[in-house]
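Notes follow the structure.
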Amino acid sequence: MFNALTKFIRHQYQTDDFIPLHAPVFAGREQDYVSETISSTFVSSVGTFVDQFEIGVATYTGSARAVAVMNGTAALHMGLLLVGVDRDSCVITQPLTFVATCNAISYCGAEPIFVDVDRDTMGLSPIALEIWLTDNAAVDGGGVCRRKRDKKAIQACLPMHTFGHPVHLDRLVDVCARWSLPLVEDAAESFGSLYKGQQTGTFGQVGTISFNGNKIITTGGGGIILANEDIGTRAKHLTTTAKQPSTYEYFHDEVGYNYRMPNLNAALGCAKLEQLDQFILAKRALAAQYEAFFIGGPLEFFSEPVNCRSNYWLNAVICEDRLMQDALLAETNGAGIATRPIWTLMSRLPMYENADCGDLGTSEWLEARVVNLPSSVILERSA
Ligand SMILES: Cc1ncc(COP(=O)(O)O)c(C=O)c1O
């Protein structure tokens, strides 16, 4: 049934071997920079590449500060702490995401509330959010948004830019402002994606990015926190064991975290950052090929939302139904081409199955239909 598709993908990648979903490409100065850290012995928690990487990402995104950490999950955990999420509170997020989004909420001792996604972004819907808040929440006299049924504080809203496609940020920023909700963007997958010309991860109080091996650029493992000057300074302090500056004394003024990114990983990041624009062009060119291939159906290619320039981190198609989704997955994986279903909804996982939920109709619809296709960068595509 999907013979033409497997042929098409093999033609793109020009190989008869196994085709992964997303493999890293090393085509720049990675070896030089990593070797430099080894020669200098600064492979660990301090070093010039960490500073260079932070400045590079801040400049690229237009964020006042960027604080590098050991992975995107740590960045999210810290991001939530930075906006004041604490024990026995709630955080609103989408059920259609990678588990790290919800786990970061749990690490704070808070609980997730699941609100539906939009069909055209696959990310948190501002309309569904407003409906849920109107029915279930109120802002008290002290300006705190609280769930009506138990008066628990709702301390953040955490949307995720699925597969690199930005959510409806203008409307989300507006709803969050009216309901006194700090906005933390999980931009793990969307580094380099633009919403109305502005980088994702820079719309909320905090934004976080992942540099895991499967992301558009990788540091091996890594993440970064985007924020303003004040929150950025606090992020640096908290992620580096809350140590007060001193030439040789150890004085830590609160319980901090050892979440910093090692210099070795930052070296890789500096080399990859130099290639990011080229990678985005290559990914957009591959997406355009897929889009043209799927015209006429039966699979619907998922295109970037209006007003957005997506990094197309992972290409996705929407099947007619779950039967077609199963058939596509079986046939392509059987032919040595890695394809994956979208995540099982967070609200179905044992640790989150009792969480508070709005109507999740669109998330459920997408869960039964979306499949990701091989999306590794093909470098000739950036020319
Ligand atoms: C949506 C989302 N959030 C968070 C993460 C966590 O990032 P990391 O794997 O770097 O911890 C990932 C990816 O891995 C992700 O896809």
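For ligands, and for the atoms within them, numbers begin at 1 and follow the listed sequence. As a basis for the values below, the full set of heavy atoms in this structure was taken, side chains included, without hydrogen atoms, waters or symmetry mates.
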Quiz prompt | Any side-chain donor near an acceptor of the partner, H165 and D120, under 3.5 Å | solution =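 The criterion, which ignores hydrogens and geometry beyond distance, is not satisfied for D120 and H165.
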Check ligand 1 for N or O atoms under 3.5 Å from a protein N or O and list each pair with its distance.
| residue | atom | partner | partner atom | Å |
| --- | --- | --- | --- | --- |
| ligand 1 | 3 (N) | D186 | OD1 | 3.4 |
| ligand 1 | 3 (N) | D186 | OD2 | 2.8 |
| ligand 1 | 7 (O) | S210 | OG | 3.3 |
| ligand 1 | 10 (O) | G72 | N | 2.7 |
| ligand 1 | 10 (O) | S210 | OG | 2.7 |
| ligand 1 | 11 (O) | G72 | N | 3.3 |
| ligand 1 | 11 (O) | T73 | N | 2.9 |
| ligand 1 | 11 (O) | T73 | OG1 | 2.5 |
| ligand 1 | 14 (O) | K215 | NZ | 2.9 |
| ligand 1 | 16 (O) | E189 | OE2 | 2.6 |

Quiz item: Checking side chain to side chain contact (heavy atoms under 4.5 Å, CB included) for the pair L349/T344: CA distance, chi angles, key distance, verdict?
Solution: CA-CA 8 Å; L349 302 184; T344 301; 4.2 Å; yes
Self-check item: Derivation of the side-chain hydrogen bond (donor to acceptor under 3.5 Å, both in side chains) call for N228 and D230
Solution: CA-CA 6 Å; N228 66 21; D230 287 352; 5.7 Å; no
Self-check item: salt bridge (Lys or Arg N to Asp or Glu O under 4.0 Å) assessment of R87 paired with E111
Solution: CA-CA 9 Å; R87 304 218 140 264; E111 61 178 88; over 6 Å; no
Quiz item: Would you call the rings of H252 and Y250 parallel, tilted or perpendicular if under 30° counts as parallel and over 60° as perpendicular?
Solution: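 The arrangement is parallel - the two ring planes meet at less than 30°.
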Quiz item: When the ring centroid of H161 is compared with that of Y195, is the distance short of 6.0 Å?
Solution: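 Not under 6.0 Å, so no.
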